[in-house]
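Read the numbers this way: they start at 1 and go in the same order the structure lists the ligands and their atoms.
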Amino acid sequence: MKDYTAILNEIHREIQPHLTGGQVADYIPELARIPLGGFGMALVDMDGNVHTCGDAARPFSIQSVSKVFTLTLALKALGDDLWDRVGREPSGSGFNSLLHLEYEHGKPRNPFINAGALVVTDVLLDLYPDAVDAVVQTLRRLSGNPDVGIDEAVAASEESQGFRNASLANFLKSYGGLDHEVGRVLSAYFRHCAIEMSAVDLACAGFFLINQGVPLGETERFISPNRAKYINSLMLTCGTYDSVGDFAYRVGLPGKSGVGGGILAVMPGRFSVCVWSPGLDAVGNSLAGTLALEWLTTKTGISIF
Ligand code: GLN
């Protein structure tokens with residue numbers, strides 16, 4: 001068994017000079033207030049041991065990492081029918097791009113770009129009386145932390161400036177891609193993006209993806225092993241937007257990033273890991289977070305490749 005704690009501590013020491021690189025997501029005013037320099041990492045191994053370094057217990061805005069869990073709920077309920085409404089191909093363009101939507105007549109390329117995630121949110125609005133609460137409850141259960149909740153100030157802040165997402169939602173609606181009212185879909189989307197969790201919470205919540213669909217501390221499957229495979233595949237091919245190729249090359253793990261600076265990455269059968277550092281690269285992935293994950297797979301010699 002690797003000494004994961006020692007490796008995380010080494011990464012924490014070596015990453016220090018990189019923590020002031022990148023920029024926080026200032027298009028969401030509440031997130032613009034987060035200072036650069038924070039860093040935390042948590043890794044859960046197959047025995048359920050949690051290894052941490054830095055601010056691993058500090059809650060942050062999970063943003064697009066929430067899309068792993070909204071996708072999981074939609075896939076659990078709809079199965080393959082979900083793919084009639086959203087594709088499974090990398091987009092090769094920014095997470096909030098409008099480009100492909102017109103070419104492809106309102107069917108988003110994948111469930112992790114904003115357009116695809118809005119469709120998934122629309123699906124959840126059909127499935128649950130309170131879709132956002134269903135996501136929060138799922139994350140509480142999977143992480144084992146009953147205090148997981150929404151930072152309503154972040155949700156309101158994004159809603160007040162969410163012109164691009166509003167365009168995407170209206171565009172989708174014009175093609176018949178959304179069943180519900182545009183405002184309702186957007187507000188549910190902003191709220192699930194504004195869920196706050198720590199690196200420890202997210203690493204624990206990702207455990208079912210490394211454990212054939214069975215969550216941490218549970219014995220029953222949450223999803224089938226095959227669906228866990230599908231979600232991991234989508235994280236690998238679509239989880240870090242237009243730098244998925246670079247991320248796969250450097251890190252070698254399925255990963256899902258968010259503009260709050262978090263990245264959840266999974267090594268099936270070995271570990272689930274989450275890193276947080278708010279400085280983002282040009283694509284919107286955590287700069288130091290990506291580097292830390294690259295060092296983790298290099299130092300441990302463990303990656304899916
Ligand atoms: N809420 C953010 C947005 O829609 C999520 C984007 C992200 O984390 N990549 O712009």
Side-chain angles (χ1 to χ4, degrees), residues 22-34 59-71 86 90-99 101 108-122 124 131-132 135-136 139 150-172 178 182-197 199 202 234-235 237-244 246-247 255-265 274-287 289-290:
Q23 280 197 316
V24 293
D26 52 10
Y27 75 98
I28 302 175
E30 273 299 301
L31 295 185
R33 303 182 358 185
I34 312 283
F60 59 86
S61 190
I62 70 170
Q63 292 297 320
S64 286
V65 184
S66 63
K67 296 170 186 173
V68 172
F69 303 94
T70 54
L71 169 66
V86 57
S91 70
S93 54
F95 61 81
N96 57 7
S97 170
L98 285 149
L99 271 178
L101 264 192
R109 275 260 162 140
N110 68 65
F112 291 150
I113 51 171
N114 289 11
L118 286 162
V119 169
V120 172
T121 305
D122 188 59
L124 297 188
V132 182
V135 180
V136 171
L139 284 168
I150 299 171
D151 184 336
E152 298 289 354
V154 170
S157 162
E158 184 170 9
E159 186 138 34
S160 73
Q161 299 294 311
F163 308 115
R164 182 71 74 103
N165 283 316
S167 314
L168 285 165
N170 279 293
F171 210 60
L172 279 166
L178 296 180
V182 166
R184 201 168 154 220
V185 177
L186 281 170
S187 141
Y189 170 82
F190 291 137
R191 291 184 72 235
H192 75 62
C193 285
I195 292 171
E196 275 202 316
M197 292 171 78
L202 270 175
L234 286 162
M235 285 168 71
T237 54
C238 311
T240 46
Y241 310 113
D242 37 341
S243 62
V244 275
D246 188 59
F247 189 90
K256 180 77 210 79
S257 63
V259 294
I263 307 176
L264 171 65
C274 179
V275 59
W276 168 76
S277 186
L280 307 178
D281 64 16
V283 167
N285 299 320
S286 171
L287 198 71
T290 307

For Phe95, what residues pass the ring-ring contact (aromatic ring centres under 6.0 Å, His included) criterion, not counting sequence neighbours? Tyr241
Pair Ser243-Asn285, side-chain donor/acceptor within less than 3.5 Å: yes
Which residues share a salt bridge (Lys or Arg N to Asp or Glu O under 4.0 Å) with Glu30, sequence neighbours left out: Arg33
Full working for side chain to side chain contact (heavy atoms under 4.5 Å, CB included) between Phe190 and Asn165: CA-CA 9 Å; Phe190 291 137; Asn165 283 316; 3.5 Å; yes
Quiz question: by atom type and distance under 3.5 Å, do the side chains of Thr70 and His192 form a donor-acceptor pair? no
What short N/O contacts, under 3.5 Å, does ligand 1 make with the protein, listed by atom pair and distance?
residue, atom, partner, partner atom, Å
ligand 1, 1 (N), Gln63, OE1, 2.6
ligand 1, 1 (N), Glu158, OE1, 2.8
ligand 1, 1 (N), Glu158, OE2, 2.8
ligand 1, 4 (O), Asn114, ND2, 2.9
ligand 1, 4 (O), Glu158, OE2, 3.1
ligand 1, 4 (O), Asn165, ND2, 2.9
ligand 1, 4 (O), Tyr189, OH, 2.6
ligand 1, 8 (O), Ser64, N, 3.1
ligand 1, 8 (O), Ser64, OG, 2.7
ligand 1, 8 (O), Val259, N, 2.8
ligand 1, 9 (N), Ser64, OG, 3.0
ligand 1, 9 (N), Tyr241, OH, 3.2
ligand 1, 10 (O), Tyr27, OH, 2.4
ligand 1, 10 (O), Asn114, ND2, 3.4
ligand 1, 10 (O), Glu158, OE2, 3.4

Partners of Asp26 by salt bridge (Lys or Arg N to Asp or Glu O under 4.0 Å), sequence neighbours excluded? none
